[in-house]
Student: 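Got a structure for you, written out below as structure tokens; questions coming shortly.
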Amino acid sequence: MNSELKIYNTLTREKEIFKPLNAPHVGMYVCGPTLYSHAHLGNCRTFLSFDVVFRYLKHLGYKVRYVRNITDVGHLESDGDEGEDKIAKRARLEKLEPMEIVQLYAVDFHKVLDDFNLLPPSIEPTASGHIIEQIEMTKKIIANGLAYEVDGTIWFNVEKFAKDYPYTELSGRKLDELLEGTRDNLEGQEEKRGRLDFALWKKAKPEHIMRWPSPWGEGFPGWHIECSAMSSKYLGEQFDIHGGGMDLVPTHHTNEIAQNVACCKKSPAKIWMHTNMLTVNGQKMSKSLGNSFLPEQLFTGSHLLLQRGYSAMVVRFFMLQAHYRSTLDFSNSALQASEKGYQRLMNAMKLIAGLKTSEKSSFKFENVKADIYNALNDDFNTPVVIAGLFEAAGIINSVNDGNASVTAADKEKLQKLFSEIVFDVLGLKEESGAGSDKIDGLMKLIIELRKDVRTKKDFAASDKIRDELLKVGIQVKDGKDGVTWTTN
Ligand code: AMP
Ligand code: ZN
């Protein structure tokens, strides 16, 4: 078994053996949401991918400090230095306080992630709660000669930085091309020296609501500086993993590295992990393209793109069936296939405890286990993990049908492996349907009643119960050792 965890590092473009800087402690920072509206399913995919990373690292015995921030100030409409603050704009339109907007969507965000069974991060810091740290970092970058002030706004000097450090290392792009790609004379940006320079601190116009005092007058922080300031505050100047969606590579993460290096001469993270996008008909799911939907709409089926509703665990399973670095295209047929797959795993889970044991196993437990762990160690390859679990489910079903055998020791190991991988690492859980207490209780009662009618030789009634259950997707099997049932 390959026991070393390998992670693909965007920075080196290689899968690297994971060696924490300070084992058993691991520091992981993931860029969190900008809470100016509901998180859509695409956002959830990114956080779900890092939930599996968090869970697996913990499963391996690491003590993980997982920091995922909340952006509640400084994220402008353009994702750059133009436009209105996304949260302030929403607050203005809805006639609410900016922090009322943030609170509204934070409550919703946490509920949605809880529905998907994501573990909460260890720390969830907000940008507005770390203004002092962002000002301090900005001061250091100015002192190191890599940022300058123009009329109350502080700009990061990209071209000067790029003379000494590899500014485009993460994206792999060429500086010249980036320079050519930028537009000249953007409104309100005439004062910056270089076209690629970005704001660390912005002077607040009189109408700007969110503002704080600073050595350069009243203003607010740029979007990128918050992550540099908060990651180094909670994880140190260098930590193990920094993550986010791939769309953050060229600007947000590139600038984050530049800020940390300019401030402290250290690149913040050893490994940069990026998740690929959830797409709809091949197009990135995003609010601005109008092709996004909310988890709530997915659960109830109340969106034009949805034929019907799907449960949170089915959606989680659907997301796990793609590798985090591949795109994942949304479709009803894929979700329906995931529903079947999820049920298959839950049914196998349910059957294990009741399996009859034998002297010998007809399969090699170590092989089953190795397939699953090799996949997890190969850059969290969850689709291959699921394939391994399906194979195990096949064995469980065969033992249950009397076509394969398992020893008591292997049965115990299989049960432990299944529960650790399915529940602890993949973060799936049983929900209504197979495994829920109510359904289990109800099925017990129905099976008892069916037994009664069979004792009275009323086979028509017994068959009717079996056939009607089948119509709602529950299969009853009369085996040598009693009656079992599964859902399909
Ligand atoms: P935002 O709130 O827009 O800053 O996005 C929060 C996180 O969701 C970022 O890490 C984005 O990269 C990620 N994200 C946005 N859209 C998608 C998508 N369609 N698929 C996967 N991740 C996404
Ligand atoms: Zn960030």
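Read the numbers this way: they start at 1 and go in the same order the structure lists the ligands and their atoms. The chain is numbered in sequence order, starting from 1.
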Student: Check step by step if side-chain contact (heavy atoms from CB on, under 4.5 Å) holds for Leu41 and Leu278.
Tutor: CA-CA 8 Å; Leu41 201 65; Leu278 179 74; 3.8 Å; yes
Student: Under a 4.5 Å cut-off applied to non-hydrogen side-chain atoms, are Asp115 and Lys111 in contact?
Tutor: yes
Student: Which option wins on minimum heavy-atom distance to atom 16 (N) of ligand 1: His274, Lys284, Lys86, His253?
Tutor: Lys284
Student: Would you kindly specify which portion of His40 sits under 4.0 Å from ligand 1, judged on non-hydrogen atoms: side chain, backbone, both or neither?
Tutor: side chain
Student: For Asn43 and ligand 1, does the shortest N/O to N/O distance drop below 3.5 Å?
Tutor: yes
Student: Using a 4.0 Å cutoff against the non-hydrogen atoms of Leu248, which atoms of ligand 1 qualify?
Tutor: 10 (O), 12 (O)
Student: Is Met285 close to ligand 1, meaning an N/O of one under 3.5 Å from an N/O of the other?
Tutor: yes
Student: What's the shortest heavy-atom distance between Arg193 and Asn157, and which atoms?
Tutor: NH1-ND2, 4.2 Å
Student: Just need the protein heavy atom nearest to atom 20 (N) of ligand 1, so name the residue and atom and give the distance.
Tutor: Leu278 N, 2.8 Å
Student: Describe, in one word, how the ring planes of His242 and Tyr29 are oriented to each other, choosing from parallel (under 30°), tilted (30 to 60°) and perpendicular (over 60°).
Tutor: tilted
Student: Distance under 4.0 Å to a non-hydrogen atom of Asn276: what atoms of ligand 1 satisfy this?
Tutor: 21 (C)
Student: Taking NZ, NE, NH1 and NH2 as the nitrogens, is one of them in Asp240 or Lys19 under 4.0 Å from a carboxylate oxygen of the other?
Tutor: no
Student: Would you mind running through ligand 1 and noting each atom that sits below 4.0 Å from a heavy atom of Gly245?
Tutor: 10 (O), 12 (O)
Student: Please indicate whether any nitrogen or oxygen in Thr34 is less than 3.5 Å from any nitrogen or oxygen in ligand 1.
Tutor: yes
Student: With Cys31 as reference, evaluate Leu248, Thr46, Thr71 under the side-chain contact (heavy atoms from CB on, under 4.5 Å) test and give the passing residue.
Tutor: Leu248
Student: For the residue pair Phe318 and Phe330, categorise the inter-ring angle as parallel (less than 30°), tilted (30 to 60°) or perpendicular (more than 60°).
Tutor: perpendicular
Student: So for ligand 1, is Gly32 a polar contact partner (N or O within less than 3.5 Å, distance only)?
Tutor: no
Student: Give the atom numbers and elements of ligand 1 that come within less than 4.0 Å of a heavy atom of Pro33.
Tutor: 2 (O)
Student: Given His38 and Glu296, is the side chain to side chain donor-acceptor pair (under 3.5 Å) satisfied, shown in steps?
Tutor: CA-CA 10 Å; His38 295 285; Glu296 194 55 38; over 6 Å; no
Student: What protein N/O/S atoms sit under 2.8 Å from the Zn ion (ligand 2), by chain and number?
Tutor: Cys31 SG, Cys227 SG, His252 NE2
Student: Who's the nearest protein heavy-atom neighbour of atom 7 (C) of ligand 1, and how far?
Tutor: Phe47 CZ, 3.8 Å
Student: Roughly how far apart are Leu200 CG and Trp155 CH2, rounded to 0.5 Å?
Tutor: 9.5 Å
Student: Does the side chain of Asn332 pick up a donor-acceptor pair with the side chain of Tyr310 at under 3.5 Å?
Tutor: yes
Student: Are any of the N or O atoms of Gly42 closer than 3.5 Å to those of ligand 1?
Tutor: yes
Student: Where does the angle between the aromatic ring planes of His252 and Trp223 fall among parallel (under 30°), tilted (30 to 60°) and perpendicular (over 60°)?
Tutor: parallel
Student: Identify the closest protein heavy atom to atom 17 (C) of ligand 1: which residue and atom is it, and at what distance?
Tutor: Met277 SD, 3.5 Å
Student: Determine whether the side chains of Asn276 and Ser326 contain a donor N or O and an acceptor N or O closer than 3.5 Å.
Tutor: no
Student: Select one of side chain, backbone, both or neither to describe which atoms of Asp247 lie under 4.0 Å from any atom of ligand 1, heavy atoms only.
Tutor: side chain
Student: With heavy atoms only and a cut-off of under 4.0 Å, state how Thr275 meets ligand 1: side chain, backbone, both or neither.
Tutor: neither
Student: List the closest protein heavy-atom neighbour of atom 22 (N) of ligand 1: residue, atom name, distance to the nearest 0.1 Å.
Tutor: Thr46 OG1, 2.7 Å
Student: When you compare the side chains of Glu226 and Asn69, does any donor N or O come within less than 3.5 Å of an acceptor on the partner?
Tutor: yes
Student: Going by the angle between their ring planes, with limits at 30° and 60°, are Phe220 and His208 parallel, tilted or perpendicular?
Tutor: parallel
